[in-house]
Every structure is written in C-alpha cells, then in structure tokens.
Amino acid sequence: MASVKNAAILLGLLGVADLVFIPTMTMGEPKAPVPAVILTAMLGIASIAAAYGLMKGIHWARNLGIASRVVDAISTIPVFFVGVPAAEMIGATMVMLLSILCAYMLFKLAPAKAA
C-alpha cells in the first residue's frame with residue numbers, strides 16, 4: 001500500500017537525483033542538449049515542490065508529481081540510443097524505473113481534499 005509519506009520521500013529523492021545528474025549531462029561526451037538539461041532541472045525542482053506539497057496535503061501536489069515523473073521517465077528514453085557510458089546508462093535506467101514506480105504510487109493515492 002502506497003502511503004503519502006513513502007511517495008513524498010521517493011518523489012523528493014528523485015527530484016534531488018535529477019538535480020545531481022545535471023553535471024554529468026554537461027560534462028564528458030556526448031553532451032546533452034541544453035533543452036534537455038533545462039528540462040531535467042525543471043523536473044527536479046517540480047518534483048521537490050510536489051514532494052513538499054504532498055507532505056503538506058496540498059491538492060495540486062499529486063498531479064504535479066505524477067506529471068513530473070512521467071515526463072522524466074519519457075525523457076530518459078534517448079539515453080539508450082546515444083552511446084553514453086555504461087554507468088550513466090545504469091543510473092538513467094534506475095531513475096526511469098523508480099520514476100515509473102513513483103508515478104504509480106502517486107496514482108494509487110487518493111487525491112487530497114481541496115482546502
């Protein structure tokens with residue numbers, strides 16, 4: 001059973017992971033396009049904001065969390081086709097799988113009541 005606390009913790013950790021992953025996107029070869037880096041930063045910030053909102057019971061947080069994790073999982077797909085190092089591919093795969101799990105957990109939560 002998915003609880004709000006577990007979903008918020010996972011969502012927050014994935015948001016932090018997005019932000020921590022940005023330097024690896026901008027260094028080394030191949031470098032990620034600037035729009036991909038900006039999207040990753042925005043998704044990380046949105047995920048952290050949604051995790052905070054979930055903990056406070058704010059009604060928009062669940063939808064923002066689902067949207068940010070689904071978009072993040074989809075945006076990870078190109079990693080499999082550009083020839084990045086194996087360690088980065090494993091990390092991206094783990095983030096993608098955990099994003100799908102988090103979106104599922106958030107989907108299963110009952111929506112918060114609007115204040």
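Along the sequence shown, residues are numbered consecutively beginning with 1.
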### Query
Are D72 and S99 linked by a side-chain donor-acceptor pair shorter than 3.5 Å?
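The criterion, which ignores hydrogens and geometry beyond distance, is satisfied for S99 and D72.
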
Contact summary for [X] and [Y], nearest pair of heavy atoms:
| X | Y | value |
| --- | --- | --- |
| V84 | V79 | CG2-CG1, 3.6 Å |
| G15 | S47 | CA-CB, 3.7 Å |
| A8 | A51 | O-CB, 3.4 Å |
| M55 | K5 | SD-CA, 4.1 Å |
| A73 | I100 | CB-CG1, 4.0 Å |

### Query
Mind checking who shares a hydrophobic cluster with I45, ILVMFWY linked at side-chain heavy-atom distances under 4.5 Å?
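V16, L19, V20, F21, I22, M25, V37, I48, listed by chain and number.
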
### Test side chain to side chain contact (heavy atoms under 4.5 Å, CB included) applied to T26 and K31, step by step
CA-CA 5 Å; T26 58; K31 292 185 181 183; 6.0 Å; no

### Query
What do you reckon, is CZ of F80 surrounded by more than 12 foreign heavy atoms closer than 6.0 Å?
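Count over threshold, so yes.
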
Establish whether [X] and [Y] are linked, either directly or via other cluster members, by ILVMFWY side-chain heavy-atom contacts under 4.5 Å.
| X | Y | value |
| --- | --- | --- |
| L97 | I77 | no |
| L43 | L14 | no |
| L106 | V70 | yes |
| L109 | F107 | yes |

[X] side, atom [atom1]; [Y] side, atom [atom2] - distance, nearest 0.5 Å:
| X | Y | atom1 | atom2 | answer |
| --- | --- | --- | --- | --- |
| I66 | Y104 | CD1 | OH | 12.0 Å |
| L54 | R62 | CG | CZ | 9.5 Å |
| M105 | L11 | CE | CG | 9.5 Å |

### Task
With side chain to side chain contact (heavy atoms under 4.5 Å, CB included) as the test, would you mind laying out the steps for N6 and L10 before giving the verdict?
CA-CA 6 Å; N6 292 340; L10 181 58; over 6 Å; no

### Task
Kindly indicate, with the supporting measurements, whether the criterion side chain to side chain contact (heavy atoms under 4.5 Å, CB included) is fulfilled by L98 and L101.
CA-CA 5 Å; L98 288 172; L101 174 66; 4.3 Å; yes

### Task
Decide side chain to side chain contact (heavy atoms under 4.5 Å, CB included) for L39 and S75; before the verdict, give the C-alpha distance in whole Å, the side-chain angles of both, and the deciding distance to 0.1 Å.
CA-CA 9 Å; L39 177 66; S75 69; 4.0 Å; yes

